[in-house]
Every structure is written in structure tokens, then in C-alpha cells.
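Chain letters run A, B, ... following the sequence lines, proteins first and then strands; every chain starts at 1. Nothing here was measured: the structure is a model prediction, and the numbers come from that model.
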Amino acid sequence: MAKVPNQADLLQSMNYTPPAKGWMDVPPNLAPGNWAYPAKAEKVEYLGFPNPRQWSPADEDWKLPPDWWQRIHEGFKERLGKYRSLQVFMDICVRCGACADKCHFFIGSGDPKNMPVLRAELLRSIYRNDFTMAGKILGRLAGARPLTLDVIKEWFIYFYQCTECRRCSLFCPYGIDTAEVTMMARELLHLVGVGINWILEPASNCNRTGNHLGIQPHAFKDIVDFMVDDIEEITGVRVNAPLNEKGHEVLFITPSGDAFADPGIYTFMGYLLLFHHIGLDYTLSTYASEGGNFGLFTSADLMKKINGKMYHEAKRLGSKWILGGECGHMWRVINQYMDTMNGPADFLSVPTSPITGTVFKNAAQTKMLHICEFTADLMKHGKLNIDKSRNAGKVVTFHDSCNPARAMGLLDEPRYVIKNVVDTYVDMPAQTIREQTFCCAGGSGLNTDEIMEIRLRGGLPRGNALKYVQDRYGVDTLACICAIDRATLPPLADYWAPGVSVTGVHEMVGNALIMEGEGERTMNLRQEPLPGMEEEEV
Amino acid sequence: MNAIYSLVFVFALVLIPLFGVGAAQQTYFFGVCVPWTAFLIFLVFFTAKIIKWASRPVPFSIPTTAGQQWSNLDFIVHDKYDNPATTGQTWIRMILEVFAFRSLFRNTSMRVAMKDGKPIVGYFSAKWLWLFALMFHYAFFTIAVRHLRLFLNPVPKVFEILETLDGLLQIGIPRLYLTDMVIVAAVMFLLLRRVAVPTVRYISQVADYFPLLLILAIAASGIYMRYYAKVDVVAIKQLILGMVTLHPVKPIPATIDISFFIHLFLVSTLIFYFPFSKLMHLGGVFLSPTRNMPNDSRFVRHVNPWNDPNIKPHSYAAYEDDFRTPMIAAGLPVDKEA
Ligand code: HEM
Ligand code: SF4
Ligand code: SF4
């Protein structure tokens, strides 16, 4: 991990007063630490993207193809024709600045190019120059500038300092969504071979092995077996965790991050416990062992290709519907893109809870249900046998992930589930949760450690809100429904609100479930003593 | 600097008719030709831009959801107008956006304070922009509607009611219009905000100051005509009616004060400038996909016209071919035995 300054130094360096020079004259800082590592040649090549090579953003020469200008220009024109969003957003911003201080990266740095409006202007200035009359005639006076290599470098820095969180778009009077602009800019950069490894490697892994981490099927089985063993040790119950089996009612897909790393694995165990508890007829798949989709952070085409596996696998296995785990951007893809790209999935049926009989008409088209909707429904119908005391002593708050919040509106379902399994729940301040939630600052493929300082800066608004409830209400647990959050929030909390631990919602559910035939529960899923059981530890 | 440029432009725009009419006596040119040309350009390019936007496909359903989604869980309360699920609800969302600036109403300002060496990030309600923007737009709209009395003969009753309402304060002769004061105050606020808030100044371009200054100049010249020059409205109405009926009066009545030609020229400039500028947010807001779409893509199919059916996932068969041996060794089911 890159060295990060301590809090005092970091805060000292924040400055919200813009420089005297106009932004077009301020070059981007290309020193290491300001960018994520570029994509490895072999990953670029595997995905069939242009211009695979070894290069570094710190070098003067980025080894772009000789016709780079043409490629970007043509690519821009093509996308203006394909996306009304891009065309309209390029034309109508009034620069009112309502979005300016809404971006966590601006709040944490004061860098004016992190104001969403200016981030979009980085692209808009080229749009004016290349595609509008005023820009062509008046040039800079009309806010236009020519596309140069320095502009490409600036794009690379700032469009990879946007987590596509859409908080800006909530406040814009015209709904201008800078995330959409960032997505377009990243597509353009890929046309000349400029991308980051932290996105393209998971994407290419996902294509081949079925998950971001490149876990091969037999290894995936080992991991699941290992979790089943742990669950048995903790609860005395051996749960059933079918893999790649045909003919089950439900196919369950969740991000692979939860199969791999702490604390995500506890959430995964929570799912396994829940499914066993209710006797769900389901299977996991190693081929579709990834809920996440780094294609969303790359290009619409790659997103579609990766997402296609879900329906492909559901069809092969003969499942009736798909249940999706806790993940942020996965749910943006499912809610806003999946059926359009890869549907209609007529071979599936409308998700219906086999336990409560609830027909989820709100998933009638995608045939895919969110685990929090599923669990909330079970709880409402009293189908779960719950012992809240296993989570006693916890003071819990909830981090709304950007995508379920602003690209879906899944706000109360997770809260409902949490409140059913813990005694004390408090929300963070209103301006930092629900639709106004702040990003973990590691979304959209920026959860890599070489840009830790950028992440921690961007994490200030979330971290500060967390610190507030920690000081005021003694919050010690930050719940979330996203695998990226489970990876990014721990360092964020350690830095801004030390002492708060991060958990998935279904980890707490798993702990609270009273399993049939279980032994005395003395440990939680992390194998820490349960409240009241501490003295039994040797 | 950008503000200065804009100021210079607007001054130049005042000087043109001042000399053109004052010295060169080109009343016909400024009174008839310029407005007609500006109006035609507006019509053609405004329409062209709307057609251009509307003809672009909306490949994906990407509303920004600003509240709780609709679902079958009836114990969870759907936030209908911030996260609409139906076309009707989306209409209400749009109406709130267009007439009440719903999104801008959410505006907050952020400040970082230090307490005992620790940061406190605070968010404060910041409704000033919303308030003045709303005042500005309503005043602008009302003034525009009030002007229609110059275009219609006889003047319909509604316009008289509107005028009475607008002159409700009953100050001065001629009556002082509320909207005249409001628009000047609001434009001044928007201008001052642009100059005074460092981040907003940093993002502001000529294209941001220019329309505000132009509108201020239009309002000023209008107010001057009404309250100071007390121009010959009857003659002006004659001129305008001549224009709209395509039978321009000739010669242009000499009783019309030069301030009218300045006002008219500035308005013509605004109208001409409109379709090429950010003022097109007027049309764009209706076409913004993050606002005008219901959040229904999980239960109603949304079609992307350029969806490429040739993009297929890496197939299961290829995956199994890749990993069959270890899969069998691990006891995972396979479709084809080795
Ligand atoms: C949903 C509808 C609309 C919203 C939310 C909206 C909002 C805004 C905002 C925030 C500004 C910027 C003020 C500034 O400079 O800081 C503005 C300016 C302006 N708008 Fe609107 N507007 C809307 C519709 C309209 C309509 C229908 C018109 C019709 C003429 C219009 C005409 C103008 C003009 C002339 C300006 C001032 C020039 C400028 O600031 O550049 N707007 N609007
Ligand atoms: S809020 Fe919207 S219109 Fe205002 S500056 Fe930001 S993007 Fe532009
Ligand atoms: S989408 Fe999020 S990260 Fe990107 S500019 Fe907007 S607020 Fe900032």
C-alpha cells in the first residue's frame, strides 16, 4: 500500500480556494499515487481491446497509437449519436455549481477538477471544440479547447477519480449525471489503450473463470466446503451448499469478493445458513460465481458480455428464477441494464418466495430478486427463527451503497432486515444516507491500494458521518450490502473512525438465526465469543 | 475576466442600435429586419436541436432514484414522486422539477470545520440558489407573457388580470410591476453569486455571464422605457402588430423613442443566441433520461435499439472445456464427461 499522510497532514492539504490560473492551464498531477496502475498488456489483449502494451502514466510517452486523435474524435461522435444522455448533458449544463460540493472527491481534496461540473467540462470543452459551431469559431472564449495528449492525461486522472456514484446527479436541476459522462470518457480512453489494471484484470478473470478473483471451479468448491466446515464448527449444523446442480428452483449469485476475503466470507456464511434454515431449493454456480460486473466500469459491450452469464447459466441449470446477493454495482446492472442487454429471460418465471408465496412483481421482467427483499419478506411473515441477543451489544448503522440507493432505491429493505436482528440501530446524518449517501470512495473499480490516499480523501464524508454517530451514539458496527464496501470501508473506518467494524447485513442475520438441530452457540461467524459467552473462552 | 468580456459584449450590443438608429436612422432595419431574422433563426435552430436530442436513442433506463423503490413489500413505503414506478408518477416528478425546481431544492452547502484538531464536515441547507432561480424564472415567464398584449388585438381578459396582479403594489404611475423588481433582484443575485463564490467563479465562462448581463440590460432598458422615457406604446403596438401580421408599417412612426430600439435589439440578440447556448436547458430538462424515466426496468422491458445480439457471454461449454478435468476431480457436475 502506498504511504498515506496522517489525518492532520491530509486535512491541512485540503484547500477549497481554486487556483488563480484557469483550469485549462493547470496540468494534472501525474506523480505516482495519483493514478491506479495501468492495465497489463496481456489483460488488454485477452479482452480484445486496442493497443495492448507496457506503459506508465508517469512516463512522458504513453505510447498511444498514431491515430489516437482520430479514434477519440470518431468514438466521441459515435457515442453522441448512441446516447441521448451524453448529447443532452453536453449541451445543457448552466454551470450553476449546485453539484460542485456534492462529490466526495471534491470534499476530500478541494481540487476544483473534482467538482462534478468541472469533471464533465473536461469532456465538454472538447465537445464544444469538435462538434459545436460556437466552439469552432470562438475557441476558448466559448469554453472550447482542442484535444491534445495532455487532455488525455487529464481525463485519465479525473475520470478515474470519479466512482460513478451519481450523487451529483441527484442535486442537478437537469439531472446531469456525471457518472454517465465518466462512463463515456472511460470508453473513449479504452479506444486508445488507456485503462487501469484493477478493472481490466477482474473483468478478464470474470470472463474466463466466472469471477473477478480468477478462482477456478475446483478452488471455488474448496472455498465453499471450507465455509460449510466452519459453519458446522460454529453451529453444529452441516449446511447444504449445492454447486452447479441442475433442476433447483433458485440460482443464487453473489459477488465473489464474499467468497474470498474477510469480512465478506461471513456474509456468505450468513446466506448459507439462511438458505438451510428455510430449506431453499437452490444452487450456486462456479461459472456464474460473480455478481459484480466490472464491465460497468469499462464499456457497455463488456458489461453486456459479462452479465450474459447469469441468464445463460440459469437456463442451463433449469432454474426458475435468480436470487442476487448483497452487492452495489451488481444491482445497478440488474436493475437498469440486464433485461435490456440480455433479456427477455422468458425461460424464467417471476420470482416467488417458496416459503411465503409472495410473488415479486417488481422483478417480473428481470426475474431477479435482491436478497434483502427476499429476507425482509420472510421476516415480515415470521418465517425466521431469530435470536437477537446473539447480536446484543452492537450499535449498528447502515451505509447505503451508491448504486442500490441512486440507481434502484433499495433503502428500507436492508434497514428492515437489520432492525429485525439487532437491538440498537441508528442512522447517520440525513445528508449522508439514503439517496444522499456518500460513496465509500472505492466504487467503480477504484478499490485498489495504490491510490489509497485518494480513497481516504474521498472517504472523508462517509468517515466523518460515521465518526459522528460513533462519538454520539457509540456506533461500533457499520453494516453494508456491498462486497466492494466490505473491502473498502474497513480501511476507511480505521482511518476516519477507528474502532468501527464492518459487516454484511446477512452476516448479522446468520448470527441471529436459530438453526434446527444446532448445538449451543458460543461463537459468532467470525469465531469470536457471543455476548455472555466470553468467559467460556480458554 | 470572463465577466468583463461579457460586459463588453453587452455594451457593444447597446451601442449598435444606438448608432444604427440614432445616427444612421436605420429604424426599419432595427425595427423589423433584425427581430424577424432573430425569430426565424430561433425557430429553426431551436426545433433542430430538440429534434436532434429527441432522435438520439435512450439505450438504457437510467433514472436517478431519489427515494424508496416500489416493491411488493407493502410494509415498505414507496416514495412515489422521487422514485416513480409508473408514467403518471414520472409526470408528477417532472412537473415538480420544471415548476418547483425539485432537485435544486435539495441543495446543501458543505463546510469543513475543525474542532480539537478533528474535522467536522457539516451540511447546511442552501436554498438561496433555488429561491432566486425560481424567482428569476417566474418573473421572466410572467414578463414574457405580459408582453403578449403587444402582439394581440384585442387584448384578452387574462392579460389584463395578470397585469393587475403584477401591479398589485399600486406604486407610481405607470404602475410599478412586481416582476420588474423581482427579475432585476434575482439576476443581480445570480450575477453576484457567480462573481463572489470562488468555486462558481472558477467554473464560469463568458457564456455564463453573458446571458445574465444581457437579460439585465433587457430588463433595464424595459424599465427605462416604461418609467422614464414613457415611450409611445400605441405606436409600438402598431409596429409590432404590423410585424406579426406580415404587413410592416412604413414608415416607422417617428415618435418611438430610441430606447425601444435598443430594447428590441437586445431581445433579438437573446432570441438569436438562445438555441446555441446553455439557455437550451429549457428544452433539455424535459429530455433528461435521469429524470423523465420511471424506475421500472425490473418489471417493464426497456429496449435498446442498437443492442448488439452478437455480443455473447463466454459460454458455459467453453468454460467447462477449459476446466473439465479439475472439475471432475473435485466432484463438480459436468455436462460432458471427459
Ligand atoms: C426545470 C426547469 C428549469 C430549471 C430547473 C432552471 C434552472 C436554471 C438555473 C439553475 C439557472 C442558472 C442561474 C445561474 O446562472 O446561476 C438558470 C438560468 C436561466 N434559465 Fe432556467 N431553468 C429551467 C427552465 C427554464 C425555462 C423554461 C426558461 C425559459 C426561458 C429558462 C431560462 C433561463 C434563463 C434565461 C436563464 C438565465 C441565464 C443564465 O443564467 O445563463 N429556464 N435556469
Ligand atoms: S448542477 Fe447540473 S447544471 Fe448545475 S453545474 Fe452541475 S451539472 Fe451543471
Ligand atoms: S458520480 Fe460521484 S464521484 Fe463522480 S463526479 Fe458525481 S459525485 Fe463525484
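Taking the six-membered ring where the residue is Trp, A:H218 and B:F323 present tilted rings, their angle falling between 30° and 60°. Taking the six-membered ring where the residue is Trp, A:Y174 and B:H281 present tilted rings, their angle falling between 30° and 60°.
A:F220 contributes atom CZ, which lies 10.5 Å from atom CG of B:L332 (distance to the nearest 0.5 angstrom). Of the inter-residue distances, the one linking B:T290 atom OG1 with A:R406 atom CZ reads 12.5 Å to the nearest 0.5 angstrom.
Ion pair B:R111/A:D101 not flagged as a salt bridge, since none of the NZ, NE, NH1 or NH2 atoms sits closer than 4.0 Å to an Asp/Glu carboxylate oxygen. Salt-bridge annotation for B:R56 and A:E78: absent, with no side-chain N of the basic residue lying under 4.0 Å from a carboxylate O of the acidic one. Using a 4.0 Å cut-off between charged side-chain N and carboxylate O, A:D339 and B:R298 make no salt bridge. Using a 4.0 Å cut-off between charged nitrogen and carboxylate oxygen, A:K246 and B:D335 count as a salt-bridge pair.
When heavy atoms are compared at a cutoff of 4.5 Å, A:A376 approaches chain B by way of both its backbone and its side chain. Proximity to chain B involves both the backbone and the side chain of A:T286, based on heavy atoms less than 4.5 angstrom apart. Neither the backbone nor the side chain of A:R140 comes within less than 4.5 Å of any heavy atom of chain B. Contacts between A:Y416 and chain B at a heavy-atom distance below 4.5 Å involve the side chain alone, from C-beta outward. A:A405 touches chain B through its backbone: at least one of N, CA, C or O sits under 4.5 Å from a heavy atom, while the side chain does not.
The main-chain N or O of A:N207 is never found under 3.5 Å from a side-chain atom of B:Y319 such that the two would form a donor-acceptor pair. For the pair A:T17 (side chain) and B:P198 (backbone), a donor-acceptor distance under 3.5 Å is absent. Counting only distance, with no hydrogens or angles, the side chain of B:N304 and the backbone of A:T340 share no donor-acceptor pair below 3.5 Å. A:K305 contributes no side-chain N or O that, together with a main-chain N or O of B:I311, makes up a donor-acceptor pair within less than 3.5 Å. A donor-acceptor contact shorter than 3.5 Å is absent between the side chain of B:R106 and the backbone of A:F171. Looking at B:K312, its side chain never comes within 3.5 Å of a backbone N or O of A:G308 through a donor-acceptor pair. The backbone N or O of A:M408 sits less than 3.5 Å from a side-chain atom of B:N83, completing a donor-acceptor pair. With B:Y202 contributing its side chain and A:W23 its backbone, the two residues share a donor-acceptor pair below 3.5 Å.
Counted by atom type alone, B:N295 and A:N335 present one or more donor-acceptor pairs between their side chains at under 3.5 Å. The closest side-chain donor-acceptor pair between A:E435 and B:Q68, if any, does not fall under 3.5 angstrom.
Between chain B and the options A:Q216, A:E180, A:Q336, A:K380, heavy-atom pairs under 4.5 Å are most frequent for A:Q336. When the candidates B:N292, B:V206, B:I203 are compared by the number of heavy-atom contacts under 4.5 Å with chain A, B:I203 comes out ahead. Between chain B and the options A:G81, A:S285, A:G210, A:A430, heavy-atom pairs under 4.5 Å are most frequent for A:G81. Ranking A:M338, A:R415, A:R316, A:E373 against chain B, the residue ahead of the rest is A:R316, based on heavy-atom pairs under 4.5 Å.
When ring centroids are compared, A:F438 and B:Y123 come within the 6.0 Å threshold.
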